[in-house]
Participant: 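Have a look at this one before I ask anything.
Since we're looking at a predicted model, the values are computed, not measured. Letters go in sequence order (proteins before strands), and every chain restarts at 1.
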Amino acid sequence: MTNPSITTDTPIRVRIAPSPTGDPHVGTAYIGLINFLYARQRDGKFVLRIEDTDRTRFVATSEQEIFNSLRWLGLTWDEGPDVGGPYGPYRQSERTDIYRQHVQLLLDNGTAYRAFENPEELEDLRKRQLAAKLPPRYDGAHRELSQAQIDTYLAEGRPFVIRLKVPAGQTTFRDELRDDITFDHNNVDDQVLMKSDGFPTYHLANVVDDHLMRITDVIRAEEWISSTPKHVLLYNAFGWALPRFWHMPLLRNLDKSKISKRKNPVSLIYYRQAGFLPEAMINFLGLMGGGMPAPNTSAPTDDAAKPASSAPTKSSETDIFSLADMVARFQVENIRLGGPVFDLTKLKWLNGEYIRALTPEAFYKSLRDTILSDAYLQQIAPLVQTRIETLGEFGNLTHFLFADDIMPPADVFIPKKRTLEDTLAFAAEQLAVLEATDWTHDALEPALKQLGEAHQWSVKENFMLLRAILTGSTMSPPLLESMVVFGKSRTLDRVRRFLDTQKKLSQARKP
RNA sequence: GGCGUUAUGGUGUAACUGGUUAACACGCCGCCCUCUCAAGGCGGAGAGUCCGGGUUCGAGCCCCGGUAACGCUACCA
């Protein structure tokens, strides 16, 4: 009864499917790298698909930033929204008809059904279940509605979702890195496949697209393991062959939790703007989870006989390698499954190695392309023109835009009439507002002022605190303009680091 | 709570198909070099492989049972 698997001679096709909901994520780059390598090593195709089915979280600039960041790292794709390809469109928002047709198939063959509850009712159900200490999941109330009832609801124009009808039993699937994994269907929810707005959820879109795009290997993050049974059920419901599944470990914060912006910079834009070299970044990602054998271990078997008077292996031979090296030697099946900590300290060391390896010319060029680019300097110049009397003073006022270790002393950042605690609490509020605001002067100003009013902080106190955090001083070029120039990801990182450091300081003070 | 996954120094990894004193790198400490700081060189501390059983002449690798961490548990992906 199980579907035939993808056979070994099917041309390899893999994909990454990022969501344009914010800054491009290091996790996307990591999964992208593994997919890229897998395809390149097998003469396969690497597809980029944009999963923009969640209208509520959609960020307009995000897609382009995803393109830019992946290209910056050298992870180029063979098919995608911008380069086209034989299985397009590659943007899910442009494939809604396809999903609608396919979900109709499921409705027709009885593997899916309409459910007419609204979000409030579902939330209610959830709360009741939680209160009764039951696992929160859909109770299947509309699983077996009569045709008459359905028609009535439809005639009323009542909104509905389409859910997967999970049968009794269990599903076992093979994870290429872990062998068989079994889930009892008691633990698989009747997943929503089509939202009431007519857009599919990830689960439906992902299966339909992977099949239609002839994806042979689904290489994605471990967080998807729990929903794989739903996907398998969907493949079965359509009568399609299963792809191979490879679930990669999740990148972690220092405390081992899933990597998050609260605890670690995760934006690829941040890394680019903060002056990390793409070669170092991609190298570092290649270190995560292993999979990269030492250069001489996989040597042809013939000369394995000789003792190979093993000279101490230099770090430059084991930890430092290029994307091309990875294509040549990386082995996905050797990936270690423990979640690797994304350790900035080692990334910075690696980046330093790459910087030192540059010729003086190349080093100068990379400075001029990034931290000292014409574009950057041109944005900065107008901010200081009226504030300096000799050109030599340029650095006095702009040093914070070129430095990475800004930390204001307490007497600078705490307003006269505020306590340390209040100030830090307010700064945390500022961070939350900044995270949620478009990075333009016109959006930032009202957002910050509104926050100040809500907490009875004067504009002066409000802006001065932020100024202190960003510049380390109470005197600087105009705050909002400076923030815009400095960029969202680096500004947020600076505020987060400030809060983090202050938190550690106050903890150290307590005992 | 339920389900799933994972587990080697602080961190990233290595250890052939069970085989000897668990290796390399980052970080940390010390020394050398040096006008300073880096870089570089040399050296050091730091794990007995999550815990408890078992199989075996022999277990980080195999088996059983725990524990912990993480993930999922949405009309998000």
Participant: Let me check something: any side-chain donor-acceptor pairs from residues 206-213 of chain A under 3.5 Å, sequence neighbours excluded? List them with distances.
Facilitator:
{"unit_1": "A/Asn206", "atom_1": "OD1", "unit_2": "A/Arg15", "atom_2": "NH2", "d": "2.8"}
{"unit_1": "A/Asn206", "atom_1": "OD1", "unit_2": "A/Tyr202", "atom_2": "OH", "d": "3.4"}
{"unit_1": "A/Asp209", "atom_1": "OD1", "unit_2": "A/Arg95", "atom_2": "NE", "d": "2.7"}
{"unit_1": "A/Asp209", "atom_1": "OD1", "unit_2": "A/Arg95", "atom_2": "NH2", "d": "3.0"}
{"unit_1": "A/Asp209", "atom_1": "OD1", "unit_2": "A/Tyr99", "atom_2": "OH", "d": "3.1"}
{"unit_1": "A/Asp209", "atom_1": "OD2", "unit_2": "A/Gln92", "atom_2": "NE2", "d": "2.8"}
{"unit_1": "A/Asp209", "atom_1": "OD2", "unit_2": "A/Tyr99", "atom_2": "OH", "d": "2.6"}
{"unit_1": "A/Asp210", "atom_1": "OD1", "unit_2": "A/Arg15", "atom_2": "NE", "d": "2.9"}
{"unit_1": "A/Asp210", "atom_1": "OD1", "unit_2": "A/Arg49", "atom_2": "NH1", "d": "2.8"}
{"unit_1": "A/Asp210", "atom_1": "OD1", "unit_2": "A/Arg49", "atom_2": "NH2", "d": "3.1"}
{"unit_1": "A/Asp210", "atom_1": "OD2", "unit_2": "A/Arg15", "atom_2": "NE", "d": "3.3"}
{"unit_1": "A/Asp210", "atom_1": "OD2", "unit_2": "A/Arg15", "atom_2": "NH2", "d": "2.9"}

Participant: Of all the nucleotides listed (B/A77, B/U11, B/C26), which has the minimum atom distance to the side chain of A/Thr345?
Facilitator: B/C26
Participant: Which whole number of Å gives the distance between the C1' atom of B/A7 and that of B/A47?
Facilitator: 14 Å
Participant: Contact class for A/Glu123 vs. all strands (heavy atom < 4.0 Å): base, sugar-phosphate, or nothing?
Facilitator: nothing
Participant: Quote, to the nearest angstrom, the C1' distance that separates B/G66 from B/U6.
Facilitator: 15 Å
Participant: According to the Watson-Crick and G-U wobble definitions, with both distances under 3.5 Å, which nucleotide is paired to B/C72?
Facilitator: B/G2
Participant: Looking at every strand, decide which applies to A/Arg137 at a 4.0 Å heavy-atom threshold: base, sugar-phosphate, or nothing.
Facilitator: nothing
Participant: Just checking A/Tyr202: base, sugar-phosphate only, or nothing, at a heavy-atom cut-off of under 4.0 Å?
Facilitator: base
Participant: CG of A/Asp139 versus P of B/A74: gap in Å, rounded?
Facilitator: 13 Å
Participant: On a whole-Å scale, what distance lies between the C1' atoms belonging to B/A45 and B/C29?
Facilitator: 7 Å
Participant: When rounded to the nearest Å, what value does the distance between C1' atoms of B/A68 and B/U8 take?
Facilitator: 16 Å
Participant: Hey, which of these two, A/Ser226 or A/Pro135, hits RNA chain B nearer its 5' end, going by closest nucleotide?
Facilitator: A/Pro135
Participant: Establish, yes or no, whether a centroid distance under 6.0 Å links the rings of A/His102 and A/Phe238.
Facilitator: yes
Participant: Provide the distance between the two C1' atoms, one in B/C76 and one in B/C72, to the nearest whole Å.
Facilitator: 13 Å
Participant: Determine, for A/Arg272 against A/Glu65, whether the closest basic-nitrogen to carboxylate-oxygen distance falls under 4.0 angstrom.
Facilitator: yes
Participant: Take atom CG of A/Leu337 and atom P of B/G4, then tell me their distance rounded to the nearest Å.
Facilitator: 16 Å
Participant: Using 4.0 Å as the upper bound for N to carboxylate O, is an ion pair formed by A/Asp500 and A/Arg496?
Facilitator: no
Participant: Does atom CZ of A/Phe363 have more than 12 heavy-atom neighbours from other groups under 6.0 Å away?
Facilitator: no
Participant: Think A/Lys195 has a side-chain N or O under 4.0 angstrom from the OP1 or OP2 of B/C76?
Facilitator: yes
Participant: Of the options B/G71, B/G4, B/U11, whose atoms approach the side-chain atoms of A/Phe183 most closely?
Facilitator: B/G4
Participant: How far, in whole Å, is B/C24 from B/U36 if one measures between their P atoms?
Facilitator: 32 Å
Participant: Given the side-chain rings of A/Trp349 and A/Phe284, with only the six-membered ring counted for Trp, is the space between their centroids under 6.0 Å?
Facilitator: no
Participant: Pick base, sugar-phosphate or nothing for A/Thr56, based on heavy-atom distances below 4.0 Å to the nucleic acid.
Facilitator: nothing
Participant: Using whole Å, what does the distance between atom P of nucleotide B/G2 and atom CG of A/Asp184 come to?
Facilitator: 15 Å
Participant: Using a cut-off of strictly less than 4.0 Å, decide whether A/Arg57 has a side-chain nitrogen or oxygen near OP1 or OP2 of B/A77.
Facilitator: no
Participant: How close or far is atom P of B/C50 from atom NZ of A/Lys256, stated in whole angstroms?
Facilitator: 12 Å
Participant: Expressed as a whole number of angstroms, how long is the span from A/Leu251:CG to B/U6:C1'?
Facilitator: 15 Å
Participant: Could you check whether A/Asp23 pairs with A/Lys488 (Lys NZ or Arg NE/NH1/NH2 to Asp/Glu carboxylate O, under 4.0 Å)?
Facilitator: no
Participant: Could you please name the option among B/U5, B/G27, B/G12 that lies closest to any side-chain atom of A/Trp349?
Facilitator: B/G27
Participant: Tell me which of A/Tyr30 and A/Asp180 sits closer to the 5' end of RNA chain B, going by the nucleotide each one is nearest to.
Facilitator: A/Asp180
Participant: Which of these nucleotides, B/A77, B/C26, B/C70, is closest to any side-chain atom of A/Arg252?
Facilitator: B/C70
Participant: Does B/A14 pair with anything, Watson-Crick or G-U wobble, both distances under 3.5 Å, and if so, with which nucleotide?
Facilitator: none
Participant: Regarding A/Met288, tell me which of base, sugar-phosphate or nothing describes its non-hydrogen contacts under 4.0 Å with the strands shown.
Facilitator: sugar-phosphate
Participant: Which one, B/C70, B/C3, B/G1, comes nearest to the side chain of A/Pro136?
Facilitator: B/G1
Participant: Could you give the distance separating B/U20 and B/G60 at their C1' atoms, to the nearest angstrom?
Facilitator: 14 Å
Participant: With respect to the side chain of A/Glu353, which nucleotide from B/A77, B/U5, B/G40 is positioned closest?
Facilitator: B/G40
Participant: Whole angstroms only, please: what is the CG-P distance between A/Leu177 and B/U6?
Facilitator: 10 Å
Participant: Determine: side-chain N/O of A/Lys258 to OP1/OP2 of B/C72, distance under 4.0 Å, yes or no.
Facilitator: yes
Participant: Measure from CG on A/Leu250 to C1' on B/A69 and round the result to the nearest Å.
Facilitator: 13 Å
Participant: For a quick check of understanding: with a heavy-atom distance under 4.0 Å over all strands, which category does A/Ser196 fall into, base, sugar-phosphate or nothing?
Facilitator: base
Participant: Got a donor-acceptor contact below 3.5 angstrom from the A/Thr171 side chain to the A/Phe183 backbone?
Facilitator: no
Participant: Just wondering, more than 12 heavy atoms not from A/Arg178 lying within 6.0 Å of its CZ?
Facilitator: yes
Participant: Once you apply a heavy-atom cut-off of 4.0 Å, does A/Val161 come out as touching a base, just sugar-phosphate, or nothing?
Facilitator: base
Participant: Calculate the interatomic distance between A/Arg55 atom CZ and B/A77 atom P; express it in whole Å.
Facilitator: 12 Å
Participant: With sugar-phosphate meaning primed atoms plus P, OP1 and OP2, does A/Asn186 contact a base, only sugar-phosphate, or nothing at under 4.0 Å between heavy atoms?
Facilitator: nothing
Participant: Does B/G48 count as syn, meaning its glycosidic angle lies within 90° of 0, or as anti?
Facilitator: syn
Participant: Across all strands, who's sitting opposite B/G65 as a Watson-Crick or G-U wobble pair, both distances under 3.5 Å?
Facilitator: B/C51
Participant: Considering every strand and a 4.0 Å limit on heavy-atom distances, what is the contact class for A/Leu122: base, sugar-phosphate, or nothing?
Facilitator: base
Participant: Counting Watson-Crick and G-U wobble pairs only, both distances under 3.5 Å, name the nucleotide matched with B/G30, or none.
Facilitator: B/C42
Participant: Within the structure, does a side-chain N or O atom of A/Arg336 lie under 4.0 Å from either OP1 or OP2 of B/U6?
Facilitator: no
Participant: Of the nucleotides B/G12, B/U5, B/A77, which has the atom closest to the A/Trp224 side chain?
Facilitator: B/A77
Participant: Given the P atoms of B/G71 and B/G12, what is the spacing between them in whole Å?
Facilitator: 15 Å
Participant: Contact class for A/Thr53 (heavy atom, under 4.0 Å): base, sugar-phosphate, or nothing?
Facilitator: sugar-phosphate
Participant: Which is true for A/Pro340 with a 4.0 Å heavy-atom rule: it touches a base, it touches only sugar-phosphate, or it touches nothing?
Facilitator: sugar-phosphate
